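Have a look at the structure below, then the notes.
Quick caveat: nothing in here was measured; it's all calculated off a predicted structure. Note that ligands are numbered from 1 as they come in the structure, with each ligand's atoms numbered from 1 the same way.
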Amino acid sequence: MDVRVRFAPSPTGYLHVGGLRTALYNYLFARKHKGAFLLRIEDTDRTRFVEGAMENILKALDWAGIEVDESPTVGGEYGPYKQSERFDLYAEHAQTLIDNGTAYYAFDTSEELDAMRERQQAAGIAPKYDRTIMRNQFTLGEEETQRLLSEGAPKVIRLKVPVAQDVRFTDLVRGDIIVNSREVDDQILLKSDGFPTYHLANIVDDHLMNISHVIRGEEWLPSTPKHVLLYQAFGWEPPVFAHLPLLLNAERKKLSKRHASVAVGDYIEKGYFPEAFVNFVSLLGWNPSGDRELYSMQELIDGFNLERVNKSGAVFETQKLDWMNGEYLRSKDPKDVASGIADKAAEMGYDVDIDYLADVVVLLRERVTFPADILTLGDYMFTPTTQWDPEYIKKAWKEDTRSNLMPLIERFRALEEFTADNLQAEVKAYSKESGVKMGMLMNPIRLAVTGKSVGASMMDTMALLGKERTMQYVDAFLAYIDAQ
Ligand code: GLU
């Protein structure tokens, strides 16, 4: 079988991280099986349409490195499939079902439908269209139906769901599923405005686009029996289904905006690497081998297996994403990272060349999540330290610190070659001679030079700053302390 899959978002807002995971799993599956990955914009519901939402989806997919395989031309423009450009098809297909007797016209007003639901609720039964009593082709008869149609009375087309039949399908993630058709509503297929519902348009397109596997979020599982019945009504072979587990927050509740950003755009803006984000999102519900966490797109493709997707929800932990981002940061060429933050550095008023910036990246990349953090954490690498953390002064600067430290500072000043090794040797030798512990020397030096309690190795930091700047910083700090 030729593998053909689709990502079918509705342009109703931003792209949710769960949507990106669906897109990714479809993409990984298509690439693994040398199949096709289609993008279909399901924009039939004009009331929920949000301007710019499609562009937002396209941008996010592009950022993530997910390439779409088919871009049909409509009116001279290339782009994804859009259901709004295929309306006639759905109406024709609804007509096919009317003709073969698996769908019917219904003329109920919304008041009549509300009244039906209220009666059902009062009687303690689940609301469901009751075709034996409502105003439709069966209760009105053929003649009256034709008369209403010719008058142009408001109508919908509904699926004639079999009365009591087992609807079966196999889900690659959840196994065999059987639902009795009694539980399935006579779904509206074509609305009174002539627009198709999601169900009709989705099935018609999946069939016409030769979709082999429908891979989508678990929230669509309850719709699947309807879809299977629709395939039956058309006499078509249904695709294989795979429903992906929910995304959960740390408390194992459904992930929502209240717990974390759920819009992919927010993660793009925060500065995550696309490779890190793709890696992280891919492991929400599946892992290629289980023995590690970091995978390239190609490794994800090679290892992808729908049967190994978990049934239980996947916990979305941003700490893990942050860790991954840091790992990607450390594995990148420092010059590339430097180029990525050069504009930001200039914006912050730092006048530095790329080579120096790359050296600072190497110095500080172990300690940050985002490249741009290097510019704030390591501000002293670009501009003289003028502020010293008061809390850290209290901790690191004691009564005897100055007298203990000054001889070492003078030894630094006298160094010919201001390298990390030489600095290290001086500190060691001086500590041994004077009996002052290394920590009692290095903490005040860190304080004086960086103003902060955290940072990279001080020997490396000082070596990169060079003798002149290091000594300037130390002198400025001593002057500051004296002025207190
Ligand atoms: N338009 C639906 C959505 O927004 C598509 C669901 C499906 O993949 O069938 O997710």
Contact partition for F7 relative to ligand 1, non-hydrogen atoms under 4.0 Å:
neither
Note the single closest protein heavy atom to [atom], along with its residue, its atom name and the distance in Å.
{"atom": "atom 4 (O) of ligand 1", "value": "S10 OG, 3.1 Å"}
{"atom": "atom 5 (C) of ligand 1", "value": "A8 O, 3.1 Å"}
{"atom": "atom 8 (O) of ligand 1", "value": "R6 NH1, 2.7 Å"}

Numbered atoms and elements of ligand 1 in range of N202, under 4.0 angstrom, heavy atoms
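This gives 7 (C), 9 (O) as the contact atoms.
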Below 4.0 angstrom from a heavy atom of E42, which ligand 1 atoms are there? Numbered from 1 as shown, please.
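Result: 1 (N), 2 (C), 5 (C).
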Spatial distance of atom CE (M134) from atom CG (D108) [nearest 0.5 Å]:
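If we round to the nearest 0.5 Å, M134:CE and D108:CG are 4.0 Å apart.
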Please work out which of the three classes, parallel, tilted or perpendicular, describes the rings of F277 and Y272, given edges at 30° and 60°.
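Taking F277 first and then Y272, their aromatic rings sit tilted (interplane angle of 30° to 60°).
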Aromatic plane relationship, W236 with H207 - under 30° parallel, 30 to 60° tilted, over 60° perpendicular:
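The arrangement is parallel - the two ring planes meet at less than 30°.
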If we ignore angles and hydrogens, is there a donor and acceptor under 3.5 Å between the side chains of D205 and Q83?
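There is such a pair (donor and acceptor under 3.5 Å, judged by atom type) between the side chains of D205 and Q83.
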State, without any angle test, whether H243 and T224 hold a side-chain donor-acceptor pair at a distance under 3.5 Å.
yes
